[in-house]
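Index from 1, following the sequence.
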Amino acid sequence: MRRADRLFQIIQVLRRNRKPLTADAIAAELETSKRTIYRDIATLIEQRVPIRGEAGMGYILEKGFDMPPLMLTPDEIEAAVLGAQWVVGHADPVLARAAADLMAKIAYTVPERLRPFVLEPASRARSAWNRQPDRIDMSRARAQIHQGKKIALSYRDEHGRDSERTIWPIAIGYLEAVRLLAAWCELRKDFRSFRTDRVIDAVYLDEKYPERRDALRAKWRQSLVWEPPSDT
């Protein structure tokens, strides 16, 4: 790997890690020596890249630093296009259009030599099959998640039983044929997942839920509820 490419990759490795990363870990990923990483980190700091840390403690890239857009490698383009293809075939219409627009922007912006990686990728994601229709406004549901606001649901479970729920939405899972809305359920006082094709009606409330979003998401990750329990 050329040194310029390695310096770029070091920044990329640090960007995707929120916690300090040791030179050993960086060297292992880039298949080079720890000594080389120390030297490269020193070079980046001299070039005013805001890297904090020290040998033995680990390094972290400070917030606010960014690089020129779309400095993408062929593998990164393939990964982005493959993910966008999947979204086009499996997500709701708003996200599907956004994914199609993303691929068009990448194709328009990358250098000519990289355009075939967008227009003629080696990897393909298959289109959705037997997908169940959403009975909830997915765009508004995502907005409620970002704003930390409640949703009032009328919901029908797998046994045909109807119930009224007020939920604190956390995340949407896009599975092969269905979508799941993960949330804290005020009725059950626990995390639950609701299939979006079983929603009868939804009211998007202005009321924010009382817990901080990051704290609620952390608790949900520990429970990792995606499949709806039998009593939903």
Could you state the interatomic distance from [atom1] ([X]) to [atom2] ([Y]), rounded to the nearest 0.5 Å?
X	Y	atom1	atom2	value
Met57	Arg52	CE	CZ	11.5 Å
Glu207	Ile151	CD	CD1	12.5 Å
Arg3	Thr32	CZ	OG1	10.5 Å
Gln144	Asp137	CD	CG	10.0 Å
Asp101	Lys105	CG	NZ	6.0 Å

Query raised in the report: salt bridge (charged side-chain N to carboxylate O under 4.0 Å, His left out) between Glu46 and Arg39: does it pass, once the steps are laid out?
Result: CA-CA 11 Å; Glu46 289 174 3; Arg39 187 170 61 247; over 6 Å; no
Look at atom [atom1] of [X] and say whether more than 12 heavy atoms of other residues, nucleotides or ligands are closer to it than 6.0 Å.
X	atom1	answer
Glu31	CD	no
Arg142	CZ	yes
Asp214	CG	yes

Requested in this report: Among Val49, Leu61, Ile37, Thr36, find the residue that satisfies the side-chain contact (heavy atoms from CB on, under 4.5 Å) test when tested with Ile10.
Outcome: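 The option that passes is Ile37.
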Establish, from distance only, whether the side-chain atoms of [X] and [Y] form a donor-acceptor pair under 3.5 Å.
X	Y	answer
Gln9	Arg6	no
Arg35	Ser33	no
Asp92	Tyr174	yes
Ser154	Asp201	no

Looking at [Y] and [X], is there a salt bridge between them, counting it only when a charged N and a carboxylate O are closer than 4.0 Å?
X	Y	value
Arg115	Glu120	no
Asp24	Lys34	yes
Arg195	Asp197	yes

Are [X] and [Y] close enough that some pair of their side-chain heavy atoms sits under 4.5 Å apart?
X	Y	answer
Met138	Ile172	yes
Phe194	Ile136	no
Ile200	Asp162	yes
Ile51	Ile60	no
Val118	Tyr108	no
Pro169	Leu181	yes
Leu82	Gln85	yes
Ile167	Glu186	no

**Report entry** Same apolar cluster: Val199 and Val94, side chain cutoff 4.5 Å
**Finding:** no
Query raised in the report: Can Asp134 and Arg179 be said to form a salt bridge (charged side-chain N to carboxylate O under 4.0 Å, His left out), step by step?
Result: CA-CA 8 Å; Asp134 297 308; Arg179 263 72 57 201; 3.1 Å; yes
Query raised in the report: Taking the six-membered ring for Trp, are Trp168 and Tyr209 parallel (under 30°), tilted (30 to 60°) or perpendicular (over 60°)?
Result: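 Taking Tyr209 first and then Trp168, their aromatic rings lie parallel (interplane angle under 30°).
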Requested in this report: Please report the shortest heavy-atom distance between Trp184 and Ile170, naming the atom on each side.
Outcome: N-CD1, 4.0 Å
Query - Residues forming a side chain to side chain donor-acceptor pair (under 3.5 Å) with Ser139, sequence neighbours excluded - result: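 If we apply the side chain to side chain donor-acceptor pair (under 3.5 Å) test to Ser139, skipping adjacent residues, there are no hits.
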